[in-house]
Amino acid sequence: MLDEPWWARGVDVTRPSSARVYDVHLGGSHNFEVDRELAERAARMMPSLPSVLRANRSFLRRVVAHLAGAGITQFLDLGSGIPTVGNVHEIAQRVDPRSRVAYVDSDLVAVAHSRAILRDAPRATAVRADFRDAAAVLSHPGVTGLLDFDEPVAVLFFAVLHFVPDDDDPAGIVAAYADALAPGGHLALSHACSDDAPSSTRQAAEMYSERIGGFYPRPLRRIAEMFAGLPMLPPGLVDLTDWHPDTDAPDTGTPDTGAPGAPGERPRTGPGGVAVK
């Protein structure tokens with residue numbers, strides 16, 4: 001197609017992608033009709049979903065700012081998705097201009113846009129790789145050329161591990177990255193939780209699994225096990241909105257309970273936390 005946008009070249013436009021569906025929910029424009037259709041169906045089933053995803057983005061911002069403020073200057077963002085306002089390198093370098101960030105994603109659109117944005121950012125790079133293969137990521141020239149794993153690195157798993165099936169051992173994947181960390185390194189993650197999930201959430205998860213290829217919310221105890229036994233930073237593994245909340249965090253909307261929320265009740269956004277080696 002002559003009018004095909006540059007970022008669409010080589011992309012299968014008949015199959016939705018988790019990165020592009022996430023982009024739809026965040027109000028982005030780098031997605032296709034198939035992604036928008038899935039996002040709209042999921043939002044009808046679970047009206048709080050876009051707000052939950054925005055809460056995850058706010059959690060990312062607070063975690064990165066907190067770690068950068070504590071002296072961490074190296075970040076590995078796994079399953080980084082399509083760039084949007086408030087990328088990891090923008091947040092970290094606002095705190096410390098020396099910060100270096102390696103973004104890793106398997107989605108063509110996500111990596112293409114990341115590279116375009118980072119063209120004039122020598123302290124950040126984007127690598128196309130499957131984060132489930134920790135050995136390949138940790139030995140990739142784009143990663144090793146920027147990050148020094150003999151010094152503390154923060155490894156970020158934001159809303160990506162719930163796309164990894166049990167057969168791929170998500171806890172083992174996290175442990176492989178944890179093993180590569182020097183003392184003072186950090187692991188941060190957020191994950192969809194299956195505990196007490198309402199029927200609308202279960203239906204949305206099933207639809208994602210059918211259309212994208214797998215969505216696996218897990219019990220809180222299983223999510224806790226993913227921190228590889230490392231000590232957690234306070235306040236521990238908590239709802240995303242409870243991790244160092246700030247006054248400029250957006251309203252996350254109505255709770256997804258299948259009925260109108262009680263006055264003052266917040267939606268469940270899923271758990272997240274940060275561990276240190």
Side-chain angles (χ1 to χ4, degrees), residues 11-12 14-22 25 34-35 38-39 41-42 45-46 49 52-53 56 60 76-82 102-111 127-140 143 155-181 187-230 232 237 240 268-275 277:
V11 178
D12 182 358
T14 66
R15 183 178 179 84
S17 123
S18 58
R20 299 194 305 269
V21 172
Y22 194 1
H25 288 304
V34 66
D35 305 305
L38 179 58
R41 286 183 59 193
M45 290 181 178
M46 183 181 170
L49 180 58
V52 168
L53 297 180
N56 185 77
L60 177 150
L76 179 62
D77 187 2
L78 300 171
S80 51
I82 294 174
Y103 296 98
V104 177
D105 205 287
S106 60
D107 185 89
L108 276 169
V109 174
V111 176
V127 169
R128 188 176 183 217
D130 188 336
F131 76 85
R132 294 175 296 180
D133 189 346
V137 170
L138 293 170
S139 63
H140 194 290
V143 174
V155 180
L156 314 177
F157 295 90
F158 289 106
V160 294
L161 290 165
H162 48 232
F163 294 109
V164 178
D166 288 344
D167 287 348
D168 286 347
D169 188 15
I173 292 169
V174 178
Y177 287 97
D179 289 345
L181 293 177
L187 287 170
L189 69 85
S190 61
H191 196 295
C193 188
S194 60
D195 292 341
D196 302 318
S199 60
S200 59
T201 299
R202 292 194 298 271
Q203 291 169 1
E206 290 171 1
M207 185 180 65
Y208 266 74
S209 292
E210 292 172 0
R211 298 291 304 280
I212 293 179
F215 183 71
Y216 310 95
R218 293 183 170 94
L220 186 64
R221 61 175 179 78
R222 292 277 308 281
I223 299 169
E225 292 169 356
M226 293 182 182
F227 285 95
L230 298 176
M232 307 270 310
L237 183 60
L240 301 183
R268 292 171 299 181
T269 60
V274 182
K277 188 168 182 181

Roughly how far, to the nearest 0.5 Å, is the CZ atom of F157 from the CG atom of L76? 7.5 Å
Using 0.5 Å steps for rounding, measure from the CE atom of M226 to the CG atom of D169. 9.0 Å
Given side-chain contact (heavy atoms from CB on, under 4.5 Å), test V137 with V127 step by step and report yes or no. CA-CA 9 Å; V137 170; V127 169; over 6 Å; no
Shortest non-hydrogen contact from A129 to V104? O-CG1, 3.7 Å
Side-chain heavy-atom pair R218, P170 within 4.5 angstrom cut-off: yes
Calculate, to the nearest 0.5 Å, the distance between atoms SG and CZ belonging to C193 and R221 respectively. 10.5 Å
Taking only residues two or more places apart in sequence, or in another chain, which ones meet A178 in a side chain to side chain contact (heavy atoms under 4.5 Å, CB included)? L187, A228, L230
State, to 0.1 Å, how close R132 and D168 come at their nearest heavy-atom pair, and which atoms those are. NH1-OD2, 2.8 Å
Under 3.5 Å, is there a donor-acceptor pair between the side chain of D35 and the main chain of R20? no
Check whether any side-chain heavy atom of Y103 lies under 4.5 Å from a side-chain heavy atom of L156, and answer yes or no. no
Hey, what do you get for CG (L53) to OG (S190), rounding to the nearest 0.5 Å? 9.5 Å
Measuring centre to centre across the rings, with the benzene-like ring taken for any Trp, is Y216 within less than 6.0 Å of F163? no
Side chains of I223 and L189: does their closest heavy-atom pair fall under 4.5 Å? yes
Could you check whether any side-chain N or O of R128 sits under 3.5 Å from a backbone N or O of S106, counting only pairs where one atom can act as donor and the other as acceptor? yes
By the definition side-chain contact (heavy atoms from CB on, under 4.5 Å), identify the one residue from L161, D105, D77 that meets it with F131. L161
Which atom names give the shortest non-hydrogen contact between V21 and P16, and what distance separates them? CG2-CB, 4.3 Å
Closest non-hydrogen atom pair, A188 against F158: CB-CZ, 4.2 Å
Taking every heavy atom of L138 against every heavy atom of A180, the minimum-distance pair comes out as CD1-CB, 3.6 Å
